[in-house]
Undergrad: 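What follows is a structure written as C-alpha cells; I'll ask about it next.
Only heavy atoms go into these numbers, but all of them, side chains included; no hydrogens, no water, no symmetry mates. First the proteins, then the strands, lettered A, B, ... as listed; each starts at 1.
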Amino acid sequence: MRLSQLFFTTLRDDPADAEMPSHRLLVRAGYVRQLGAGIYSLLPLGFRVAKRVEQVIREEMDRIGCQEMVMPVVHPADLWKETGRWYQIGPEMARFKDRGGRDMVLAMTHEEVVADLLRDIVRSYRQLPLMVYHFQTKFRDEPRSRGGLIRVREFVMKDSYTCDLDEAGLDTSYEKHYEAYSRIFERLGLQAIAVASDVGMMGGSAAHEFMVLNPFGEDVLVLCETCGFSANRQVARVRVSEPPGAAALPLEEVATPGATTIADLAAFLGISAEETAKATFFVDGDGRLVTAIVRGDMEVNETKLANAAKARALRPAQAEEIRAAGMEPGYGSPIGARGAFVVVDDLVARSSNLVAGANREGFHYRNVNVGRDYAPDLVADLTNARAGDGCPTCGAPVVLRNGIEVGNIFKLGTKYTAALGATYLGEDGLAHPIVMGSYGIGVGRAVACVVEAHHDERGIAWPAEVAPYPAHLVTVAAAKDPRVHEIAERLHDRALAAGREVLWDDRDESPGVKLTDAELMGMPLVVTISPRSLAAGGAEVTVRATGERTIEPLEAVEARLVG
RNA sequence: CGGGGUGUGGCGCAGUGGUAGCGCACGUGCUUUGGGAGCACGAGGUCGUGGGUCCGAAUCCCACCGCCCCGACCA
C-alpha cells in the first residue's frame, strides 16, 4: 500500500478531547475518527487491525468447535418481551417502531435470538452440545461513553453461545471458552487476568471477566500477589480481623451536635471509626427504601447490596425519603425505623456495642447491638474490599488495581431457554430446557487495549499478530539516487505478490516527517532505503518496539518482507 | 441525570463591545532531502444554533444543542 494513496492523515498535535494514550494515538496516527459521542469510524488502517484481531478470535473459536454465523442487529421487540428484558432494561436499549408501528429494538446482545433459533431447530439431545458465535454490531445507549474506543455506544462484539444438555455440559463449554480466551489475549499481546465477577442482570451461576490492568480502567480488581487470587471488587469477599467479642451493654443516648459524618462522630466521641456503624440509604426501582448498615470505617459496595437485597436500579435516597421511614439523615440507624428494608453487613452483625444514629438530630446511641436493638431483614457481605485486607484464600494482604474488561464469560443456565421454550427431548423422553452460556469480546476495545499495552512516547508499536501491515518502507532522498525508488517499489511489489502487503511511504515528504509518521503509525518493522543506506550495504531495518537498528543486504530484507 | 469544562478554518489555539487572527496542515512555483526544511504567492471561517441588548456582538444576556472530564449508571 502506497501511503500517497492511503485514506488517512496523521496529526501533529494530540486531539484536544483525547486523554487515554490509545485514544490519542489511534486518532493521531489515522486509525479512527469520531462521529459522535461513543461512535467511531474505523479508517482503513483501523479496520485492518480490527480484522486481524477478529481473525485471531475466529481461529481460537473455530479451534474449540464453535461455529461462526451471523444474527441480525434489528430485532422484533416481541422476542424481548417474551424474556421480559423489554421491560427490565432501561434507556440503554435503543427502541423504535417500524413502518407498521411494530416495536423494534437495536440489539445489545443476542441471547434471545439464539434461544429462538434453538427452539426452532433443536429437537433432540442428539443435536447437543452446540456452540455458535458471531461478530456483530451492538448498540448500547450508554449514559456516558468515554476513553475513545474503550467505552463506546456502537461497537462490534464477538459473542458466542454454548448450548448444552445439562450443567456438566455447560461446565465443559465454559472451560473451553476460558482456555480459548486465554489463548486469544496472549496472541493479542494482552496480559489479561481472569477474575471472578458479578453475574449482573444476565443471571446465571458463575462468571469471569478477562481484565487488563490499566490506570484508566473502570473496574477495581482485588488481587493477591501471594496466591494469585483475583476478583472484581463487586464480588470480592475479603477477610478482616474479627471484632472483639464483648457482652452487650445498655443502650445509651449521647448528644453529638453537628456530628453528621463518621469522621466527625469518631473525633467528637474520641473513638475509632471501627467502633461506629454507618447507615446508608437507597431507593430501588420499585420505590423500596433500602438501608445498608456497614462499619464506619468501610464503604458499601452497591453491587453487593443490590444482589443481597434482590434490588435493581438502586439510587441514593433523598432526605425526605429517609425521614419518611423514620430515620434522620446524618444521625440515621434502623432503630425505630419503619418501612425500610434493612440489610446489615455481616461484620456489623458480629460486632457489639457500636455507636449508631439515634434518628434524632444531634444524637447518637452508644452500645447498639444488632438483634437486640433492631432486627435486620438480611445479613450479608456488603462492603468494598480495601487494599491490605486479607485474601480470602490465603490471608495475605490484597492489592487493588484498576482494570479494563476485554472479555467475559457467563454461565447463563436456562433463563432464556426456559422463557422461550427452547427445549430438547432427552433420552428419558421428556422435554428439558437447553442450558446456555454466553461469552463476549469487544473487538474495538481489544484494539484499544493493545495500543495501551504497546506504545511509547513516539507512537504505537503493534505486535506482529495484529499490525495492519508487517512493515513500513520509508524512502529517503529518492531524488539523489534513482535506485532508492526502484528498490522500494520492487520490495513492495514482491511482498504483495507473496501475499504480504507492506506499507510504503512514497510521499514527497522530508525524512523527518516520514520517519516520525512511521513511528507514530507503529508497524513492527521500519525499513529505510536511502542513498546512505545503500552505500552502507542495503536498507536500514528498525524494530519499532525495541528501536534496534541494523543495516541488512537487500536480499535479506526482501526475504523478511516476503516471508 | 448531577458537578466541572469547552465550542473561532482540516488540527491545535489567541481574540472579553468597534475591519476575524496565529502556528501547523493545504494549493502553486522554485530551492531542499537521514529526524516534523526554506522562500514567494495563494485558497479556506454561517465564530455551535436560536433569540435578545446595543449605533455596533466571536465578545454582554437568555434558551437550546454538541463534545470532553468527574460522579451516578454500565446485559
Undergrad: Round to a whole Å and report the spacing from CG of A:Leu520 to P of B:C11.
TA: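 Checked: the CG to P distance equals 17 Å.
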Undergrad: Can you find a donor-acceptor pair, distance only, under 3.5 Å between A:Asp517 side chain and B:G36 base?
TA: yes
Undergrad: Under the side-chain contact (heavy atoms from CB on, under 4.5 Å) rule, collect the residues that match up with A:Gln5, sequence neighbours excluded.
TA: A:Met1, A:Arg2
Undergrad: Calculate the interatomic distance between A:Arg151 atom CZ and B:A72 atom P; express it in whole Å.
TA: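 Checked: the CZ to P distance equals 12 Å.
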Undergrad: Start with the C-alpha gap between A:Phe210 and A:Tyr178, add the side-chain angles, then the distance that decides, and say whether ring pair (Phe, Tyr, Trp, His ring centres under 6.0 Å) holds.
TA: CA-CA 9 Å; A:Phe210 287 80; A:Tyr178 189 103; 5.5 Å; yes
Undergrad: Say you pick atom C1' in B:G10 and the same atom in B:G27; how far apart are they, in whole Å?
TA: 14 Å
Undergrad: Could you check A:Pro316 against A:Pro511 and say which one's nearest nucleotide on RNA chain B is further toward the 5' end?
TA: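 Nearest nucleotide further toward 5': that of A:Pro511.
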Undergrad: My understanding is that only residues two or more places apart in sequence, or in another chain, count here; which of them pass side-chain contact (heavy atoms from CB on, under 4.5 Å) with A:Ala325?
TA: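 Counting only residues at least two positions away or on another chain, A:Ala325 forms a side-chain contact (heavy atoms from CB on, under 4.5 Å) with A:Leu289, A:Met327, A:Ala340.
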Undergrad: Can you check the A:Phe7 CZ to B:G10 P distance for me, whole Å?
TA: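 In whole Å, B:G10 P and A:Phe7 CZ are 15 Å from each other.
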Undergrad: When only distance counts, do a donor and an acceptor, one from the side chain of A:Thr528 and one from the base of B:G34, lie under 3.5 Å apart?
TA: no
Undergrad: Can you list every side-chain hydrogen bond (donor to acceptor under 3.5 Å, both in side chains) pair that touches residues 529-544 of chain A, not counting sequence neighbours?
TA: A:Asp456-A:Arg544
Undergrad: Rounded off to whole Å, could you give me the CZ-to-P distance for the A:Arg85 and B:C74 pair?
TA: 14 Å
Undergrad: Tell me which nucleotide, if any, is Watson-Crick or G-U wobble paired with B:C54 when both distances must be under 3.5 Å.
TA: none
Undergrad: Name all residues meeting the side-chain contact (heavy atoms from CB on, under 4.5 Å) criterion together with A:Ala196; count only those two or more places apart in sequence or in a different chain, and write none if there are none.
TA: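 Listed in chain order: A:Ala231, A:Val235.
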Undergrad: Under 4.0 Å, counting only non-hydrogen atoms across every strand here, what does A:Asn408 touch: a base, just sugar-phosphate, or nothing?
TA: base
Undergrad: Quantified in whole Å, what is the C1' atom distance between nucleotide B:G7 and nucleotide B:U49?
TA: 11 Å
Undergrad: How close or far is atom P of B:C67 from atom CZ of A:Arg33, stated in whole angstroms?
TA: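 Roughly 17 Å, once rounded to whole Å.
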Undergrad: Is the base of B:U31 syn or anti, where syn means the angle lies within 90° of 0?
TA: anti
Undergrad: Under 4.0 angstrom, heavy atoms only, what part of the nucleic acid is A:Arg28 near: base, sugar-phosphate, or nothing?
TA: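 Base contact.
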Undergrad: If we take the C1' atom in both B:G45 and B:U28, what is their distance in whole Å?
TA: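 Per the computed distance, 22 Å lies between those C1' atoms.
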Undergrad: Validate the cation-pi geometry between A:Lys158 and A:Phe135: distance from NZ or CZ to the six-membered ring centre under 6.0 Å, angle to the ring axis within 45°.
TA: no
Undergrad: Report the nucleotide, chosen from B:G35, B:G36, B:G34, that has the shortest atom-to-atom distance to any side-chain atom of A:Ser533.
TA: B:G34
Undergrad: Just to verify, what does A:Gln234 make a side chain to side chain donor-acceptor pair (under 3.5 Å) with, not counting sequence neighbours?
TA: A:Thr303
Undergrad: Could you give the distance separating B:G12 and B:G36 at their C1' atoms, to the nearest angstrom?
TA: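 It works out to 15 Å between them.
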Undergrad: Got a sec, which residues hit salt bridge (Lys or Arg N to Asp or Glu O under 4.0 Å) with A:Glu321, two or more places apart in sequence or on another chain?
TA: A:Arg315
Undergrad: In whole Å, what separates the P atom of B:G38 from that of B:U32?
TA: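 That atom pair is separated by 15 Å.
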Undergrad: Scan A:Met20 against the nucleic acid and name what it touches under 4.0 Å (heavy atoms): base, sugar-phosphate only, or nothing.
TA: nothing
Undergrad: So which protein N/O to nucleotides 68-71 of chain B N/O distances come out below 3.5 Å?
TA:
unit_1	atom_1	unit_2	atom_2	d
B:C68	OP1	A:Gln34	NE2	2.9
B:C69	OP1	A:Gly147	N	3.3
B:C70	OP2	A:Arg144	NH2	2.2
B:G71	N7	A:Arg144	NH1	3.3

Undergrad: For the pair made of CG in A:Leu3 and P in B:G36, what is the distance, rounded to whole Å?
TA: 18 Å
Undergrad: Distance between the P atoms of B:U16 and B:A72, in whole angstroms?
TA: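 Each nucleotide's P atom is 38 Å from the other's.
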Undergrad: Can you see which heavy atom on A:Gly413 is nearest to which on A:Leu170, and at what distance?
TA: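 Heavy atoms only, the tightest pair is N-CD2, 4.2 Å.
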Undergrad: If the cut-off is 4.0 Å, is A:Lys514 near the phosphate of B:U33, judged by side-chain N/O to OP1 or OP2?
TA: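 So the side chain of A:Lys514 is outside the cut-off, no N or O lying under 4.0 Å from OP1 or OP2 of B:U33.
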Undergrad: Is there any protein nitrogen or oxygen under 3.5 Å from a nitrogen or oxygen in nucleotides 21-26 of chain B, and what are the pairs?
TA:
unit_1	atom_1	unit_2	atom_2	d
B:A25	OP1	A:Arg12	NH2	3.3

Undergrad: State the pairing partner of B:A37; accept Watson-Crick or G-U wobble contacts with both distances under 3.5 Å, and report none otherwise.
TA: B:U31
Undergrad: Verify the distance criterion only: is there a donor paired with an acceptor across the side chains of A:Thr162 and A:Tyr174 at less than 3.5 Å?
TA: no
Undergrad: Looking only at atom P, what distance separates B:U53 and B:C61, rounded to whole Å?
TA: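 Pairwise P distance, B:U53 against B:C61, rounds to 15 Å.
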Undergrad: Would you measure the distance from the P atom in B:A25 across to the matching atom in B:C65 and give it in whole Å?
TA: 38 Å
Undergrad: Side-chain N or O of A:Thr516 versus OP1/OP2 of B:G36: is the shortest distance under 4.0 Å?
TA: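 It does not, given that no N or O in the side chain of A:Thr516 lies less than 4.0 Å from OP1 or OP2 of B:G36.
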Undergrad: Could you tell me which nucleotide pairs with B:C64 by Watson-Crick or G-U wobble geometry, both distances under 3.5 Å, or answer none if nothing does?
TA: B:G48
Undergrad: Applying side chain to side chain donor-acceptor pair (under 3.5 Å), can you list everything that pairs with A:Asp506, at least two apart in sequence or on another chain?
TA: A:Ser4
Undergrad: Taking A:Arg233 first and then A:Asp219, would you say they form a salt bridge - that is, a charged N and a carboxylate O separated by under 4.0 Å?
TA: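 No salt bridge links A:Arg233 with A:Asp219.
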Undergrad: Without decimals, in angstroms, what is the distance between A:Arg507 CZ and B:G27 P?
TA: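 Distance, rounded to whole Å: 12 Å.
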Undergrad: According to the Watson-Crick and G-U wobble definitions, with both distances under 3.5 Å, which nucleotide is paired to B:C24?
TA: B:G10
Undergrad: How would you list all residue pairs meeting side-chain hydrogen bond (donor to acceptor under 3.5 Å, both in side chains) that involve residues 132-148 of chain A, not counting sequence neighbours?
TA: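 Of all non-adjacent pairs touching residues 132-148 of chain A, those that pass side-chain hydrogen bond (donor to acceptor under 3.5 Å, both in side chains) are A:Asp62-A:Tyr133, A:Glu68-A:Tyr133, A:His110-A:Lys138, A:His134-A:Asp159, A:Lys138-A:Asp159, A:Asp141-A:Arg153, A:Glu142-A:Arg151, A:Arg146-A:Glu218.
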Undergrad: Applying a 4.0 Å non-hydrogen cut-off, can you work out what A:Glu302 is touching in the nucleic acid: base, sugar-phosphate, or nothing?
TA: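 Here A:Glu302 touches the backbone only, sparing every base.
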Undergrad: Looking for any heavy atom pair under 4.0 Å, which part of the strands does A:Leu314 touch: base, sugar-phosphate only, or nothing?
TA: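 Sugar-phosphate only.
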Undergrad: Below 4.0 angstrom, which residues in residues 539-556 of chain A have at least one non-hydrogen atom near RNA chain B?
TA: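 A:Glu540, A:Arg549, in order of number.
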Undergrad: Who passes side chain to side chain donor-acceptor pair (under 3.5 Å) against A:Ser197, sequence neighbours left out?
TA: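 By the side chain to side chain donor-acceptor pair (under 3.5 Å) rule, A:Ser197 matches no residue at all.
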Undergrad: Given atom CG of A:Asn307 and atom P of B:C74, what is their separation to the nearest angstrom?
TA: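 Taking CG of A:Asn307 and P of B:C74, I get 11 Å after rounding.
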Undergrad: Under a 3.5 Å limit for both distances, which nucleotide forms a Watson-Crick or G-U wobble pair with B:A43, could you say?
TA: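 When the pairing criteria are applied, nothing turns out to pair with B:A43, so the answer is none.
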Undergrad: Cation-pi check for A:Trp86 against A:Arg95: NZ or CZ below 6.0 Å from the six-membered ring centre and within 45 degrees of the axis, yes or no?
TA: yes
